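Computed from a prediction, not measured in an experiment: that's the story for all the values here. Naming convention: chains lettered A, B, ... in sequence-line order (proteins, then strands); numbering from 1 in each chain.
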Amino acid sequence: MSDLLQGLNPAQRRAVEAISGPVLVLAGPGSGKTRVLTHRIAHLIQTAGVDPLNLLAVTFTNRAAREMRERLSTLVGKGVAMALTVGTFHSLCARFLRRDIVYLERARDFVIYDSDDQERLIRRILHDLNLDVKQYQPRSILSRISSAKNELVSPTEFIRLNRGYRDEVVARCYQRYQVLLREANALDFDDLLVETVRLFEQHPTVLAHYQRRYHYMLVDEYQDTNRVQYVLVKQLAAQRRNLFVVGDEDQSVYGFRGADVRNIRSFEQDYPEAQVILLEQNYRSTQAILDTAQAVISADAGRKHGKKLWTENSAGLHVALYKGYDQEAEAAFVADEIVHLVTSGTFTMRDCAVLYRTNAQSRALEEAFSRRGLRYQIIGGIRFWERKEVKDVVAYLRFAANPFDSVSLTRILNWPTRGIGERTETELARWAVQLGVPLFQALKELDNEQAAAPFSARTITVLRSFLRLTEELAAACRQLPLVQFIAHLLERVPVRESLVREYKTNEADERWRNVEELSNVANRYSELPLEEQLPTFLEEVALVADVDRLDQTADAVTCITLHQAKGLEYPAVFLVGLEDGLVPHSRSLDQRDQLEEERRLLYVGMTRAKQRLYLCHAGRRMSFGHTATTTRSRFLEDIPPALIKPSVRQRAVVAVPQFGSAGRNSGTTTNREVARASVVAVPPTKPIAADTVPARPQKPRVVTFFAGQRVAHTRFGEGVVVSSRLIDGDEEVTVSFTDRERRLLAELANLVHVEA
DNA sequence: GACCAGCCGTTTTTT
DNA sequence: ACGGCTGGTC
């Protein structure tokens with residue numbers, strides 16, 4: 001049992017051994033926190049004699065949950081590891097709700113709506129409310145609804161809080177949205193958490209059951225919890241207070257989805273008896289990488305208590321800085337450098353990762369890699385489950401499992417096309433509203449001869465035959481194992497024919513392969529009892545993240561967003577697109593908190609690297625079909641030049657060695673490409689003393705904008721100043737633009753006074 | 001209802 | 001630059 005503590009430093013040991021009570025572990029990147037979490041669980045089981053059934057662990061991704069289970073299997077045995085409850089907040093809540101939801105009719109078979117389903121629902125609502133979809137973008141309404149839910153604000157409360165006409169529209173949508181979700185027996189992502197909190201609030205016996213069951217609760221990446229998750233943790237840990245949270249405020253990068261660093265910052269107030277453990281030793285990166293990352297994060301103005309990371313690792317090579325002529329040169333550099341790293345025998349392809357801010361950036365890389373025959377895997381982008389053909393087939397499965405699911409019903413109503421057009425769909429929807437029943441119920445009324453269905457005889461025939469099909473499928477899905485049911489479905493519904501009709505041969509083939517892949521995934525559920533196969537499958541479809549599908553054993557370069565890279569590590573890391581507008585992203589430029597989050601994102605990216613780190617940017621970049629010159633990321637200016645070394649590696653001029661056969665164009669490098677190669681070494685823009693971070697310029701102490709002034713912003717156009725105030729020496733101006741009010745930082749937003 | 005041409009928005013990040 | 005959508009026509 002003592003081998004669990006072997007090789008741990010004193011701080012890690014204290015974290016592992018802390019038996020009871022609240023514990024806050026502030027852990028820097030590469031400090032072995034995953035190891036600490038796993039070993040602590042093993043320690044609780046083996047040394048403290050805690051039954052694994054009494055342990056609840058919350059991870060950030062399902063992949064992390066799976067890895068924790070695997071590590072635990074080797075430490076304490078597979079059976080024990082399987083007994084542990086571990087998962088993401090979302091999957092755990094889904095599980096709790098399936099078991100215990102007691103106040104919603106039919107609730108146990110609820111489906112989970114993803115963002116695409118949510119958007120369809122909002123569109124329908126806007127349509128019903130006679131509102132223009134262009135003017136009120138469904139995405140923006142959904143994001144308002146989502147933040148309301150994350151703050152546990154109900155539609156009723158939202159209406160009470162409402163400010164201005166726009167929020168009134170959101171409020172009406174929110175209210176109707178919830179009604180329709182319940183009618184469809186569906187929960188969206190946020191509902192999974194919100195409904196669990198409500199379940200616990202309204203049914204103390206249910207909460208008490210979980211409080212009794214889970215003696216110890218552990219939460220990873222606590223800095224990324226939002227309000228609902230915070231409340232949930234509080235509820236579950238209220239009795240025994242054996243709450244162990246691990247996090248790092250420097251790695252908080254999910255503010256946009258409601259994550260609130262205050263949760264981790266106020267842990268000691270919430271649990272005054274808490275033990276606080278700092279893990280500052282880094283085991284992952286070389287000194288050079290760590291120093292460079294520290295230079296970037298130290299300049300974060302909003303940091304509460306900065307950790308002083310240190311490492312016993314060797315100094316390693318300088319962090320490399322590369323400037324490409326454009327994004328293609330940048331991608332070419334990355335590809336050639338990877339070829340170099342691999343051929344020189346230092347690294348394998350699976351050791352290399354390319355990290356970027358937006359998924360769209362993966363395209364240039366993809367081209368550069370496939371041209372050289374480099375194997376790569378791109379995580380994210382167009383997700384498997386979001387492909388239209390996959391979603392369409394899944395819609396049949398969801399509808400068979402839950403006929404109240406109106407979104408799925410409208411999705412399959414005329415797919416494959418069967419002569420039910422938009423006209424008929426609108427009529428059907430209107431009729432359902434008139435009868436006050438879900439869509440499916442209205443459809444069923446067609447069998448009732450007395451009902452005055454507002455359709456032509458021909459339409460009624462078509463609808464009835466669709467109704468027969470769905471009834472038949474609903475019956476079959478209860479009798480057949482999932483894989484057989486899918487086969488049956490594909491027999492009854494001419495999916496392949498439809499794909500062939502809709503797309504060109506190649507594309508139709510590829511889409512059909514995706515549909516077949518669906519059956520392969522379904523096969524994983526064959527072991528489960530028949531009635532659990534379909535629901536479990538559908539839940540995975542909704543909750544499994546892209547990064548969960550990452551294959552770390554594949555001999556291929558990984559291309560991934562900075563966000564998804566959190567928690568991962570690679571011997572060689574390339575950060576691309578380090579330009580103002582990407583990192584920090586242009587949407588984050590105007591607000592201090594968002595800007596700081598971008599800085600932390602860069603920090604997260606840099607600290608993924610174990611041995612080699614490349615910081616890349618391009619002098620010109622094409623976006624939206626236009627090429628524009630760029631400025632390198634302002635965050636790079638915070639790195640003392642002595643720490644980074646411009647990389648001047650020339651592109652391979654001779655034949656490039658071939659690596660397997662990824663992509664279509666795996667082949668030779670042409671002369672044209674070599675001619676285009678352009679390597680520019682960038683001198684540091686301003687001299688900075690090597691060992692100090694530059695002092696920030698003195699902030700203004702007075703406001704320079706006043707209510708009523710007309711101002712112009714490069715992106716938002718003209719607006720009127722509502723108010724202006726100083727926050728920490730920053731002037732925050734609230735401006736009413738034509739679309740909405742925005743809070744901007746005067747220093748950053750580049751506001752220009754305009755004559756009235 | 002199917003088909004085609006031109007148009008428009010896309011790119012923040014995700015469970 | 002590209003794919004998806006709209007609105008026109010058959």
Side-chain angles (χ1 to χ4, degrees), chain A residues 58-65 87-94 112-116 118 123 133-134 137-139 142-143 146 149-150 187-194 221 224-226 228-229 252-259 327 355-364 367 379-383 385-388 414-425 458-459 462 498 501-504 507 539-548 560-566 577 581-589 594-595 597-598 600-602 604-605 621-627:
Chain A
V58 188
T59 54
F60 193 67
T61 60
N62 287 302
R63 184 185 51 79
T88 61
F89 276 109
H90 287 86
S91 48
L92 290 170
C93 285
I112 300 166
Y113 273 6
D114 68 11
S115 44
D116 183 69
Q118 292 176 291
R123 278 178 189 277
V133 181
K134 288 242 169 59
Q137 288 175 4
R139 293 288 189 91
L142 276 169
S143 100
S146 176
K149 286 187 178 184
N150 284 333
L187 300 177
D188 66 17
F189 286 132
D190 302 316
D191 280 342
L192 289 172
L193 308 177
V194 174
E221 308 281 10
D224 286 319
T225 50
N226 61 28
V228 205
Q229 291 165 341
S252 145
V253 291
Y254 280 94
F256 68 92
R257 70 176 201 207
Q327 77 265 21
L355 276 49
Y356 38 79
R357 178 66 175 82
T358 67
N359 282 306
Q361 289 170 258
S362 65
R363 183 169 235 154
E367 273 175 27
I379 307 302
I382 320 126
R383 297 166 174 76
W385 300 112
E386 286 171 12
R387 281 162 213 246
K388 186 183 173 299
N414 196 34
W415 190 88
T417 48
R418 50 173 71 87
I420 306 173
E422 196 191 333
R423 176 77 196 277
T424 308
E425 190 193 313
R458 195 191 73 88
T459 308
V462 181
S498 169
R501 189 154 20 89
E502 274 178 77
Y503 304 100
K504 294 191 194 76
E507 199 182 344
E539 192 165 303
E540 164 152 346
V541 169
L543 295 182
V544 161
D546 280 319
V547 68
D548 296 335
I560 196 169
T561 64
L562 288 164
H563 281 91
Q564 294 196 102
K566 199 170 76 158
L582 278 173
V583 187
H585 195 271
S586 54
R587 301 232 173 174
S588 320
L589 291 180
Q594 289 183 22
L595 197 59
E597 185 158 307
E598 299 286 310
R600 295 194 294 266
L601 193 55
L602 176 58
V604 167
R621 185 171 295 274
M622 171 141 84
S623 65
F624 300 112
H626 290 287
T627 301

Among B:dT14, B:dT12, B:dA2, the one nearest A:Thr417 by side-chain distance:
B:dA2
Between C:dA1, B:dT14, B:dT11, spot the one nearest the side chain of A:Arg257, thanks.
B:dT14
Tell me the interatomic distance from A:Ile112, atom CD1, to B:dT14, atom P, rounded to whole angstroms.
19 Å
Shortest side-chain distance from A:Thr358, nucleotide among B:dG1, B:dT13, B:dT15
B:dT13
Within this structure, what is the CZ-to-C1' distance between A:Arg63 and B:dT14, rounded to whole angstrom?
14 Å
Measuring from the side chain of A:Tyr254 (C-beta onward, heavy atoms only), which nucleotide among B:dT15, B:dT11, B:dT14 has the closest atom?
B:dT14
Mind checking the C1' distance from C:dG3 to B:dT13? Whole angstroms is fine.
22 Å
Any side-chain donor-acceptor pair under 3.5 Å between A:Thr358 and A:Gln361?
yes
Counting any heavy atom closer than 4.0 Å, what does A:Asp114 reach on the DNA or RNA strands: base, sugar-phosphate only, or nothing?
nothing
Between P on B:dG9 and CZ on A:Arg587, what's the gap in Å once rounded to a whole number?
13 Å
Whole-Å distance, A:Gln327 CD to B:dT11 P, equals 17 Å
Classify A:Thr88 by what it touches in the nucleic acid, base, sugar-phosphate, or nothing, heavy-atom distance under 4.0 Å.
sugar-phosphate
Which part of the nucleic acid does A:Ile420 contact within heavy-atom distance under 4.0 Å: base, sugar-phosphate only, or nothing?
sugar-phosphate
Using whole Å, what does the distance between atom P of nucleotide B:dT15 and atom CD of A:Glu539 come to?
15 Å
How many whole angstroms separate atom CG of A:Leu562 from atom C1' of B:dT11?
14 Å
Has A:Gln229 got a side-chain atom pairing as donor or acceptor with A:Asn226's backbone, closer than 3.5 angstrom?
yes
Check the pair A:His563, A:Tyr254 against side chain to side chain contact (heavy atoms under 4.5 Å, CB included), reporting the backbone distance first and the verdict last.
CA-CA 8 Å; A:His563 281 91; A:Tyr254 280 94; 3.5 Å; yes
Are the ring of A:His90 and the base ring of B:dT15 both nearer than 5.5 Å at their centres and tilted by less than 30°?
no
For A:His563 and B:dT15, what is the distance between atoms NE2 and C1' respectively, to the nearest whole Å?
13 Å
Do A:Asp188 and A:Lys149 come close enough that some side-chain heavy atom pair is under 4.5 Å?
yes
Kindly write out the residues that satisfy salt bridge (Lys or Arg N to Asp or Glu O under 4.0 Å) with A:Arg621, not counting sequence neighbours, or none if the list is empty.
A:Glu330, A:Glu579
Only counting residues at least two apart or in another chain, list the ones meeting salt bridge (Lys or Arg N to Asp or Glu O under 4.0 Å) with A:Glu221.
A:Lys33, A:Lys566
At under 4.0 Å between heavy atoms, which parts of nucleotides 2-10 of chain C does protein reach? Answer with one letter per nucleotide, 5' to 3': B base, S sugar-phosphate only, - none.
---------
Taking only side-chain nitrogens and oxygens of A:Asn359, does any of them come within less than 4.0 Å of OP1 or OP2 of B:dT13?
yes
Non-hydrogen side-chain atoms of A:Asn359 and A:Thr561 separated by less than 4.5 Å
yes
Contact nearer the 5' end of DNA chain B, comparing A:Gly419 with A:Phe624:
A:Gly419
Starting at the 5' end of DNA chain B, which residue's closest nucleotide do you reach first, A:Ala542 or A:Arg357?
A:Arg357
Using a heavy-atom cut-off of 4.0 Å across all strands, would you classify A:Gln564 as base, sugar-phosphate, or nothing?
sugar-phosphate
Using whole Å, report how far CZ of A:Arg418 lies from P of B:dA2.
11 Å
Just how far is it from atom OG1 of A:Thr88 to atom CG of A:Leu543, taken to the nearest 0.5 Å?
6.5 Å
Nearest to side-chain heavy atoms of A:Thr561, which nucleotide of B:dT15, B:dG1, B:dT13:
B:dT13
